[in-house]
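The block underneath contains the structure these notes are about, expressed in structure tokens.
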Amino acid sequence: MDLLAALIYCEAGNQSEEGKIAVGQVVMNRVNSESFADSIHDVIYESGQFTPAGSGWLDQVVGSAPEDCYNAAVAALNGEGTVGDALYFNTGSGQGQKIGDHQFY
């Protein structure tokens, strides 16, 4: 929970509740996909996937993410979210569903 909430904070801390949940949903979609690792930890720390994990910022905020990021993590773990089976998100690609500053596809 701490790790997922921290990633949500790093990637979408300035986004809406829907945007925060969507980031968590992408992580959970990856956990459930045969194309990615089988655990939240391994999905998040897979090389080249999430910039905050590679930069060390994520490790600095684990356990101290704001409550709204924990709430989004719980929602994502419970299967909530609006991005369907999206496995990726970024800014500016114009691909997929736009929520705040991110595109989910």
Side-chain angles (χ1 to χ4, degrees):
M1 183 66 67
D2 287 332
L3 184 59
L4 184 57
L7 181 73
I8 290 168
Y9 171 67
C10 291
E11 292 284 7
N14 64 346
Q15 299 298 301
S16 68
E17 177 184 15
E18 181 183 14
K20 288 178 178 74
I21 293 169
V23 167
Q25 187 179 5
V26 165
V27 172
M28 297 312 301
N29 286 346
R30 288 182 178 197
V31 169
N32 294 319
S33 169
E34 292 182 10
S35 300
F36 293 91
D38 293 335
S39 73
I40 292 170
H41 177 277
D42 291 350
V43 162
I44 289 174
Y45 284 103
E46 185 174 341
S47 180
Q49 295 302 304
F50 294 100
T51 302
S55 71
W57 180 31
L58 179 64
D59 294 332
Q60 294 173 16
V61 300
V62 170
S64 62
E67 183 178 355
D68 61 337
C69 294
Y70 276 93
N71 293 342
V74 168
L77 285 167
N78 287 334
E80 297 176 33
T82 60
V83 295
D85 294 332
L87 295 171
Y88 302 94
F89 67 92
N90 61 28
T91 58
S93 72
Q95 199 172 346
Q97 179 182 348
K98 183 169 177 53
I99 300 174
D101 293 336
H102 293 121
Q103 300 283 149
F104 295 86
Y105 57 98

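Please read these numbers as outputs of a predicted model, since none were measured by experiment.
The shortest heavy-atom contact between Ala37 and Val43 is O-CG2, 3.5 Å.
With a 4.5 Å cut-off on side-chain heavy atoms, Leu3 and His41 count as touching. By the 4.5 Å heavy-atom criterion applied to side chains, Asn90 and Tyr105 are counted as neighbours. Contact annotation: the side chain of Cys10 approaches that of Val61 to within less than 4.5 Å [non-hydrogen atoms, C-beta and beyond]. Arg30 is listed as a side-chain neighbour of Gln49, based on a closest heavy-atom distance under 4.5 Å.
Within a 6.0 Å sphere centred on CD of Gln97, other residues, nucleotides and ligands contribute more than 12 heavy atoms. Remark: Tyr9 OH is loosely packed, at most 12 non-hydrogen atoms of other residues, nucleotides or ligands lying under 6.0 Å away.
Between the OG atom of Ser55 and the CD atom of Gln60 there is a distance of 7.5 Å, given to the nearest 0.5 Å.
Residues satisfying the side-chain contact (heavy atoms from CB on, under 4.5 Å) test with Ala73, not counting sequence neighbours, are Met1, Leu4, Ala5, Ile8. Residues passing the salt bridge (Lys or Arg N to Asp or Glu O under 4.0 Å) test with Asp68 are Lys20, sequence neighbours excluded.
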Steps toward side-chain contact (heavy atoms from CB on, under 4.5 Å) verdict (Leu77, Ile40): CA-CA 10 Å; Leu77 285 167; Ile40 292 170; 3.8 Å; yes
CA sep, side-chain torsions, deciding dist, call: Phe89, Glu11, side-chain contact (heavy atoms from CB on, under 4.5 Å): CA-CA 10 Å; Phe89 67 92; Glu11 292 284 7; 3.7 Å; yes
Step-by-step side-chain contact (heavy atoms from CB on, under 4.5 Å) determination, Thr82 to Phe104: CA-CA 10 Å; Thr82 60; Phe104 295 86; over 6 Å; no
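Looking at Glu18, its side chain never comes within 3.5 Å of a backbone N or O of Ile99 through a donor-acceptor pair. Asp42 places no side-chain N or O within donor-acceptor distance of the main-chain N or O of Asp38, the cut-off being under 3.5 Å. A donor-acceptor pair is defined here as one N or O able to donate and one able to accept, closer than 3.5 Å; no such pair exists between the side chain of Gln95 and the backbone of Gln103. In this structure, Asn29 contributes its side chain and Ala86 its backbone to a donor-acceptor pair below 3.5 Å. Listed for the Gln25 side chain is a donor-acceptor partner under 3.5 Å among the backbone atoms of Gly84.
Note on residues 46-78: no pairs pass ring-ring contact (aromatic ring centres under 6.0 Å, His included), not counting sequence neighbours.
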